[in-house]
Amino acid sequence: MSTQSTQTTGKVSLNSRRKFLLDSARAAGAASLVALGVGLYSRQSVSLPASAIRPPGALDEEDFLGACIRCGMCVRDCPYDTLKLATFGDKVTTGTPFFKARDIPCEMCDDIPCVKACPTGALDHSLDNIDDARMGLAVLIDEENCLNFQGLRCDVCYRICPVIDKAITLEMEHNVRSGKHAMFIPTVHSEHCTGCGKCERACVLENTAIRVMPYELAKGELGHHYRWGWKEKNEAGESLVAPDVEHQYNLPQGQSYDIQGEGLIINDRESDATPFGANPLETLNNNSLNAGGTK
Amino acid sequence: MNRSRHPGTDAIKSKGWLLAKKWLILRRFSQLSILSLFLLGPWFGVWIITGNLSSSLTLKTLPLTDPYILLQTLFAGHTPETTAITGAIIVLLFYALVGGRVFCSWVCPINMITDAAQWLREQLKISGSSTMSRRTRYWILAATLILPLVTGSIAWELVNPVSIVQRGLIFGMGLAWFIVVTIFLLDLLVSRRGWCSHLCPVGAFYSLLGTHSLIRVRADAREQCDDCMDCFMVCPEQQVIRPALKGQLDKNTNKIIGPVITSSNCTNCGRCIDVCAKDVFHFGLRLNNKVNDTGNNNKTHSNNISEQLNHSSGVEVL
């Protein structure tokens, strides 16, 4: 009687163990399918549309997506309704904050409330001066339509820039088209541009000629081995490659040339005499004779 | 058990409508109040709470952060600021005390969707259900923690219905209605209580969090049980009731199991308390989980209910 009962319990436990393993395998299979789908989706969604700009102090995009918990508190504390949370189905990763400069640019608040609101530090709390923010970089992308490039004085992007004369300067150039006017070319300096997007918002064109772009799109990068020769030379006080050879002009005796100053200098008035005679015909004859001689 | 009868009918007769729906009403009140508090700001400019369930700030002082999402940021290799850590610890302690899955039944907005699906399922008498293991959620939970390790981003948040729907209501839905419809249809047509009780890793996380929680449903008056099955019919986690209600024999300790529903899968929703005409259940502490009644009595009950369960195809017990 007792052996029979142990046999049946043994059978039951074997069955339940098999059922447990089967259930676990199915559950694990389902979970791996979910993981695969979500994982692939997450890799795709890392690419942020170029027009979507992260708030000030945002970590690099890859780190940001691991640090931002999608709570939207930065959005709430933005006094200008600049920041938006990406909704499900947006091109921007669901639930993460961004702004479009052409709609509402960043007003660069001195107290940076969005960064302070971030509970996780996805917006870096060490950013305490908004001028140090690098949300992106303004790029004058369409020289063909920019009014200043046509020689007009639009200057709106330059005027609106919160870091005027540092982040955007006007560089005077010759207007080749008219031949007699100047062009004032708006020029962005990455050293000072915060990527706030006010220039993009203000551009008077139908479709903006200047726009804020992510750094990796907007900025080139020098080969790490590369050095600007003149800067190195300035720093060192002398050329580092080879000693400077003073340029020699092969000029007639008594003459020299100053490239940055007076130009041709004739030292000796006495030696004004040319090897050529006063009579040009004679000279010609001499030359042709010489040429004939060599022939 | 009379299957044509709606569960809770007897309770309404004996206790009155209000008492037979007491915990359900309180729960809906809790879910809707919490959602309203979040919506007061964006809709009416009254900022009591900012943020959402992932992280919030109440009255500009109290930070609350979902420990599950914070865990994912840790796995993604990010060291969070103290605000988020403080908020997560507060939430951790709260749910560790009152029951992890209290989040599921008292806070989570998805619960209203799945409850609605379950209600319609009963009205339409849909009894077929694909049998998924209730452990699937733990595997998905593991997957959602491995993903940030591999990808470096909080991948689950791309599709997490819990946060997407709540965030959507507060910040703009976008296409999030599709998620609502999908979950509703899953629970209505594919699997009974499919999302909340089988798949959701958020629930799985809070389940683990509440393993030793203090507040539990107790079946202290279990000898009064008349096997009407109403509690099983309404329970989203049917497997949690039987050990405590029927005083089953614990295989490991060879003792009769006490009257406390100890399974961390129990969401403390209190529906079983509502629908029981015999007042078998009540909320209590997990302490004092001793057996008062005689073993024989329980054994017969146990056999009874097992037979019934085996014969009723509509009830899935795992």
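What you are looking at is a predicted structure, and each value in this text was computed from that prediction instead of being measured. Proteins come first, then strands; the chains are lettered A, B, ... in the order of their sequence lines, and each starts at number 1.
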Between [options], the one whose heavy-atom pairs under 4.5 Å with chain A are most numerous:
options	value
B:Leu70, B:Ile179, B:Leu57, B:Ile85	B:Ile179
B:Leu147, B:Ile140, B:Thr65, B:Thr86	B:Leu147
B:Ser56, B:Gly168, B:Ala142, B:Pro63	B:Ser56
B:Gly51, B:Ala76, B:Pro201	B:Gly51
B:Ser54, B:Ala143, B:Gly77	B:Ser54

Choice from [options] maximising heavy atom contacts with chain B below 4.5 Å:
options	result
A:Pro119, A:Gly39, A:Gly121, A:Ala31	A:Pro119
A:Ala122, A:Ala117, A:Ser24, A:Cys74	A:Ser24
A:Ser32, A:Ala67, A:Ala30	A:Ala67
A:Ala86, A:Cys71, A:Gly95	A:Cys71

Interatomic spacing from [atom1] in [X] to [atom2] in [Y] - rounded to 0.5 Å:
X	Y	atom1	atom2	value
A:Asp23	B:Ser133	CG	OG	4.5 Å
B:Trp47	A:Asp77	CH2	CG	9.0 Å
B:Thr82	A:His125	OG1	NE2	8.5 Å
B:Asn52	A:Leu85	CG	CG	7.5 Å

Counting only heavy atoms closer than 4.5 Å, note whether [X] contacts chain A via side chain, backbone, both or neither.
X	value
B:Ser163	neither
B:Thr79	backbone
B:Leu53	neither
B:Ile154	both
B:Leu74	neither

Cut-off 4.5 Å, heavy atoms of chain B, and the answer for A:Arg26 is side chain

When the 4.5 angstrom heavy-atom criterion is applied to A:Leu59 and chain B, the contacting part is side chain

With distance as the sole test, does B:His78 use its side chain to make a donor-acceptor pair with the main-chain N or O of A:Thr120 at under 3.5 Å?
yes

- Would A:Thr96 and B:Glu157 count as a side chain to side chain contact (heavy atoms under 4.5 Å, CB included) if you check the C-alpha gap in whole Å, the side-chain angles of each, and the deciding distance to 0.1 Å? CA-CA 10 Å; A:Thr96 56; B:Glu157 280 309 303; over 6 Å; no

Below 4.5 Å, heavy atoms only, C-beta onward: do B:Phe171 and A:Thr87 meet side chain to side chain?
no

Legend entry - Side chains of B:Pro42 and A:Arg76 in contact at under 4.5 Å (non-hydrogen atoms): yes

(message) Can you confirm whether A:Asp110 is buried at CG, in the sense that more than 12 heavy atoms of other residues, nucleotides or ligands lie under 6.0 Å from that atom?
(response) no

query = Has B:Trp156 got more than 12 heavy atoms of other residues, nucleotides or ligands less than 6.0 Å from its CH2?
reply = yes

From CA spacing to verdict: side chain to side chain contact (heavy atoms under 4.5 Å, CB included), B:Thr151, A:Tyr41:
CA-CA 11 Å; B:Thr151 64; A:Tyr41 179 37; over 6 Å; no

Heavy atoms of B:Ser55 and A:Met73 approach each other most closely as OG-CE, 4.1 Å

Taking every heavy atom of B:Leu158 against every heavy atom of A:Val38, the minimum-distance pair comes out as CD1-O, 4.5 Å

Please step through side chain to side chain contact (heavy atoms under 4.5 Å, CB included) for the pair A:Ile69 and B:Asp66, ending with a clear verdict.
-> CA-CA 9 Å; A:Ile69 57 173; B:Asp66 175 15; over 6 Å; no

Open item on the list: B:Arg135 vs A:Phe20, test: side chain to side chain contact (heavy atoms under 4.5 Å, CB included). Steps then yes/no.
Closed with: CA-CA 10 Å; B:Arg135 282 184 287 272; A:Phe20 175 80; 3.3 Å; yes

> Is B:Arg167 close enough and on-axis enough to A:Phe88, meaning under 6.0 Å and within 45°, for cation-pi?
Replying inline: no

